[in-house]
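Let me begin by presenting the structure, written as structure tokens, before commenting on it.
Residue numbers begin at 1 in each chain, while the letters A, B, ... track the order of the sequences.
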There are 2 protein chains.
Amino acid sequence: MDNPFVRKMERHVRLGPEDRATLDGLARQHVRHVAARQDIEGQHSNPYHAHLILDGWACRYKQLPDGRRAIVALLLPGDLCDPFAFRRVRIDHAIGALTPVTVARITPDQIGDAIRDRPMVEECLWRELLATTAIHREWIASVGRRSAIERLAHLFCELHLRLSRVGLADGATVPMPVTQPDLADALGQTSVHINRTLKELRTSGLVTLRGRLLTIRDLDGLMERGLFDPTYLQLA
Amino acid sequence: MDNPFVRKMERHVRLGPEDRATLDGLARQHVRHVAARQDIEGQHSNPYHAHLILDGWACRYKQLPDGRRAIVALLLPGDLCDPFAFRRVRIDHAIGALTPVTVARITPDQIGDAIRDRPMVEECLWRELLATTAIHREWIASVGRRSAIERLAHLFCELHLRLSRVGLADGATVPMPVTQPDLADALGQTSVHINRTLKELRTSGLVTLRGRLLTIRDLDGLMERGLFDPTYLQLA
DNA sequence: CGGGATGTTGATGTGAATCAACGCGGGTGG
DNA sequence: CCACCCGCGTTGATTCACATCAACATCCCG
């Protein structure tokens, strides 16, 4: 009865009890565990199932021929790995677990049935995809035009907000179970420079990051530092 | 009877004559002209209409508080400016004309009716949105992990392919009606550096750019230089 | 036939990458 | 249970890709 996807969707659309039950049913069958650093979907695969993240963090990433890795999205509990799976398209990137991950595997048929029974489910899929594109656009702007410290501050604000929506933020403290090399590949930098930037955020009293927990000491200051405007995440 | 959106969609889905007529009808009413450098939608606006680009180039962009501009997408003929308009969401970015642009204005009702009459229309909207996200991801990888020359080469390959799909490429020659400052804001660089990079692509015999026309002298070489893998655009 | 936007080139500056070294911690195998 | 070791975090020295600053050429439009 407690599904991070439902928790997130309830912020945007009005779900009746049957809608909630249907969405919840989708996430109950075929629960699977994936170890950290394992792929959930390989690059250029043609996924048959959709996956909903129930616990843990994953990422979409592209591996360039010479080994460089670009993380193009972070997937948190409540996020759909493959909102396109039921369209049977070949994906252009891999999906990898950054931590141990629990996912629910959903077949195209299940989604089709759910949509037929409860049209609101399709509305949820649209919302989810629109939110994804909004986040993508913000990342493009970040990597293209924000400085190192602005990028990191912006990402922390984004993650704080996204985790709050699914009930995973404990006030100003949020889990941050990724390594500095992971952050580097997500922000288009090196882990060395992430480390220095992190230090700068710490010494300015904005955040502390210890033991895979991020504590935001000054949210307003952090938002200002990252030029963070939360409207893009509130597709309501 | 000649609509760039239809031309693009026919590469992905099988359209019957009625589908084609319906899609074409959407693009026939309320054709509007927008001058270069005018906004089609303002940042943070809450668009009521969807706009389909019939002619000219536009872009999605975000203006940072201090004036920096990030172009997060290029919109070519056949692209939908607001695949989300009929979901009534507030947008998080502006849409601006880069050249004089002709757009078709479409109301949510028209889209709703079209979907009800011809379910294939909704399929087309899904495809369009999925293609958009794939391009977004490629841009994130570009700006994050590709060098200046790789980025520019990659963008030229992308535009060549996208323009070909709507019949706007004349062999290896494609229109490129944007300024170097525009390219700079799209690739996260400065116009000065775009200029030098362009020179490098020219002296390596890969492309020439003159009079708003890009000629690709060596497509294979350009694709290699840009680490370009076209699968992401072929969501078929 | 101007004049402002755009393109081009050179000189110089700098933010972030690279290279390198070392501490630390947690997992693993002997 | 301990020793090892590999990945991660941290810091300093150096390099480099790209930004910035500046000057001038060129194009296009009115």
Expressed as a whole number of angstroms, how long is the span from [X]:[atom1] to [N]:[atom2]?
X	N	atom1	atom2	answer
B:Arg202	C:dG7	CZ	P	12 Å
A:His193	D:dT14	NE2	P	18 Å
B:Gln180	D:dC27	CD	P	14 Å
A:Glu200	C:dG15	CD	C1'	11 Å
B:Gln189	D:dC16	CD	C1'	15 Å
B:Arg210	C:dT6	CZ	C1'	15 Å
A:Arg37	C:dG27	CZ	P	13 Å

Distance below 4.0 Å between A:Lys199 side-chain N/O and D:dT11 OP1 or OP2: yes

Proximal nucleotide (of C:dA17, C:dT8, D:dT11) relative to the A:Asn195 side chain: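 The closest nucleotide is D:dT11.
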
Residue B:Val192, side-chain heavy atoms: nucleotide from C:dT6, D:dG9, C:dT9 that is nearest: C:dT9

Residues B:Arg145 and B:Glu150 bridged, charged N to O under 4.0 Å: no

Presence of salt bridge, B:Arg60 and B:Asp92, under 4.0 angstrom: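 Here B:Asp92 does not pair with B:Arg60 in a salt bridge, since their nearest N and O are not under 4.0 Å apart.
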
Parallel, tilted or perpendicular: rings of A:His51 and A:His49 (30°, 60°): tilted

Distance-only side-chain donor-acceptor flag, A:Tyr61 / A:Asp39, under 3.5 Å: yes

Base of D:dG9 paired with side chain of A:Arg196 (donor-acceptor, under 3.5 Å): no

